[in-house]
Amino acid sequence: MSKEKPSIPKGTRDFGPAVVVKRNYVFGVIRRTFEKFGYLPLETPAVEQLSVLTGKYGDEGDQLIFKILNSGDFLAKTKQADIDEGHKHLTRKVSEKALRYDLTVPFARYVVMNRNDITFPFKRYQIQPVWRADRPQKGRYREFYQCDADVVGTNSLLCEAEIVQMINEVLTKLGLTDFTIKINHRGILAGIAEAIGEKGREGDICVAIDKLDKIGKEGVRKELLERGISEKAVTKLEPLYSLEGSNKAVLDQLQTILGDTAEGQRGLKDLHEVWNYLSRLNSEALTAQNDSGNPRLLLDVTLARGLSYYTGCIFEVKVNNVSMGSISGGGRYDNLTRMFGLPGVSGVGFSFGVDRIYDVIEELQLFPDSSQVGTKALIVQFDRESELYALPVLQQLRDAGIASELYPEQAKLKKQMSYADQKSIPYVILIGSEEMASGKLKLRNMELGEQQDLTIDDIISQLK
RNA sequence: GUGGUUGUAGCUCAGUCGGUUAGAGCACCAGAUUGUGAUUCUGGGGGUCGUGGGUUCGAGCCCCAUCUUCCACCCCA
């Protein structure tokens, strides 16, 4: 028998008990917020038909989908000619299923398949893992959880406003104070393209100006020219990078620049509406100040986002002063269900990246002690007699709702105490011959190192 | 997919120019202490140096491949 060193695939992780407890705390905050806003849970299979996923995320995205090899003789339907046609063609022959890449597309599929049973507007949240065949790096994993909330079947911009509200609430509850919810609108981007004389080229323009933070004005200029945008247009575009002042002031300036483009008008109207809703909701995203002095909600005309299906407002959330990419993102998509044969259903949604949020909270040391759970009391036993005596005591403790355990063997006292110590169990109950004789059990407070002789009833009322 | 980086005890890491038997701290186990953890003292176990090839009298160290880690790009949560 060969010794095999076990390992897990690149970009995947095991989560030990301490980590799972903290992750569940984050999930809990998110879940409670979603439910408070009227979203209901949905789960879909990890595996989707490959055809459901392909073509929804752009060419780059298709490359990153984990495909599943057909079972059995996966080469049965393949001929030499198929191999000669290249890997993209061959993939369809040997793979019909794939791991889901996000939660939005499976949701759209679900909506289309269940259109007659769903009451619109349909609000659902979904917390499940997704898989991407990306090369791992900081904050980027091949298996990670998304927490999505989406609503389909309404064009109301109240949904966009509520997304801002939910993001603000979740991050605040998690103890984060310095974060920026960036918002933009695909209409604004299209309007800009039109206004600078490059109508229809907003795709290329977006990809380039999205990198403004990273590569600076000159870098963006170079990339735009490489992508075939005219020099005249690039020059006209540049003032937009440095739009100054409040969100309101930026909107006013955009009005001047995009005023006579239809798409620009659509974007501006939508954004105004979102601001109106938030204002009436007395949103903290408008009133609370970041450490930098900026409001949390920030109109950023350089925000583009890669996913090709967005058509209206788009969001992205960045925690400031930590080296981590966006922890949340989303937007409105008008045509996603049309790809599955159901036109005219607009949706909007967003997603929290729990793995990144976890990394940020850990880095900022914001996990509260209360997010720890575990055994409250350990019963230590000495011999067979004390073990039998301890069993009804154990049951009484559990009936009283106290998380408790009996050490399962008659190990040395030192070993049992040390077990309690390492599991951070705050109380130990000792049951030996003296205790059995008197009926008073020894309750030891492990933190203080103090112990008292108490009846089981007194112990229960003290630990409850 | 492109470029770089990392891997030595359970963990964090030393390991000189390629040269004898690969080290430390922490952790673990046992004892000091037959009814008391976390502190103290004493002792102990533990390694195919990521894996597979190659160069060499000799490889943890040099070369190639591969896996993994982390980082940047592309893209994204």
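Just so we're on the same page: letters track the sequence lines, and every chain starts at 1.
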Can you give me the N/O atom pairs linking the protein to nucleotides 3-11 of chain B at distances under 3.5 Å, or say none if there are none?
unit_1, atom_1, unit_2, atom_2, d
B:G3, O6, A:Arg135, NH1, 3.3

Q.
Would A:Arg23 and A:Phe15 count as a cation-pi pair here, with the cationic atom under 6.0 angstrom from the ring centre and within 45° of the axis?
A. yes
Taking every heavy atom of A:Gly439 against every heavy atom of A:Tyr389, the minimum-distance pair comes out as CA-OH, 3.9 Å
Does any donor atom in the side chain of A:Ser418 or A:Asp421 lie under 3.5 Å from an acceptor atom in the other side chain?
no
Within the structure, does a side-chain N or O atom of A:Lys412 lie under 4.0 Å from either OP1 or OP2 of B:A30? no
- Ion pair A:Lys423/A:Glu405, N-O distance below 4.0 Å: yes
- When the ring centroid of A:Phe367 is compared with that of A:Tyr358, is the distance short of 6.0 Å? yes
| Would you say A:Gln137 reaches B:A72's phosphate, i.e. side-chain N/O to OP1/OP2 under 4.0 Å? | yes
Note: for A:Lys138 and A:Arg356 on RNA chain B, the residue whose nearest nucleotide lies more 5' is A:Lys138
| query | When rounded to the nearest Å, what value does the distance between P atoms of B:A27 and B:C63 take? | reply | 38 Å
Practice prompt. Mind telling me whether A:Phe34 and A:Tyr125 have parallel, tilted or perpendicular rings, with 30° and 60° as the class edges?
Written response: tilted
For B:C49 and B:U21, measure between their P atoms and round to the nearest Å. 14 Å
Separation between CZ (A:Arg398) and CD1 (A:Ile460), nearest 0.5 Å, reads 12.5 Å
Quiz item: Say you pick atom C1' in B:C67 and the same atom in B:U5; how far apart are they, in whole Å?
Solution: 15 Å
| Donor-acceptor pair under 3.5 Å: do we get one between A:Arg140's side chain and the base of B:C75? | yes
Open item on the list: Below 30° counts as parallel, above 60° as perpendicular, anything between as tilted: where do the rings of A:Tyr57 and A:Tyr101 land?
Closed with: tilted
_Separation of the C1' atoms in B:G35 and B:G45, to the nearest angstrom_ = 29 Å
*Nearest-Å distance once atom C1' is located in both B:U6 and B:U51*: 15 Å
Measure from the ring center of A:Tyr145 to the ring center of A:Phe352 and say whether it is less than 6.0 Å. no
Take atom C1' in B:G23 and the same atom in B:C64, then report the distance between them in whole Å.
30 Å
A:Asp134 CG to B:C70 C1', in whole Å, measures 15 Å
Whether each nucleotide of nucleotides 34-41 of chain B has a protein heavy atom under 4.0 Å at its base (B), only at its sugar-phosphate (S) or at neither (-) is summarised, 5' to 3', as -BBBS---
* Asked: Taking atom P in both B:C62 and B:A77, what distance in whole Å separates the two?
  -> 41 Å
Exercise. Thinking salt bridges, do A:Arg444 and A:Glu450 make one under a 4.0 Å N-O criterion?
Worked result: no
Only one of A:Arg124, A:Gln126, A:Lys123 passes side chain to side chain donor-acceptor pair (under 3.5 Å) with A:Asp150, and that residue is A:Arg124
A correct dot-bracket answer for RNA chain B, with pairs being Watson-Crick or G-U at under 3.5 Å, [ ] for crossing pairs and | for inter-strand pairs, is ((((..(..((((.....[...)))).(((((.......))))).....(((((..]....))))))..))))....
Problem set entry | P atoms of B:A14 and B:U56, separation to the nearest Å | 31 Å
Closest of B:C74, B:U68, B:A77 to the A:Lys10 side chain is B:U68
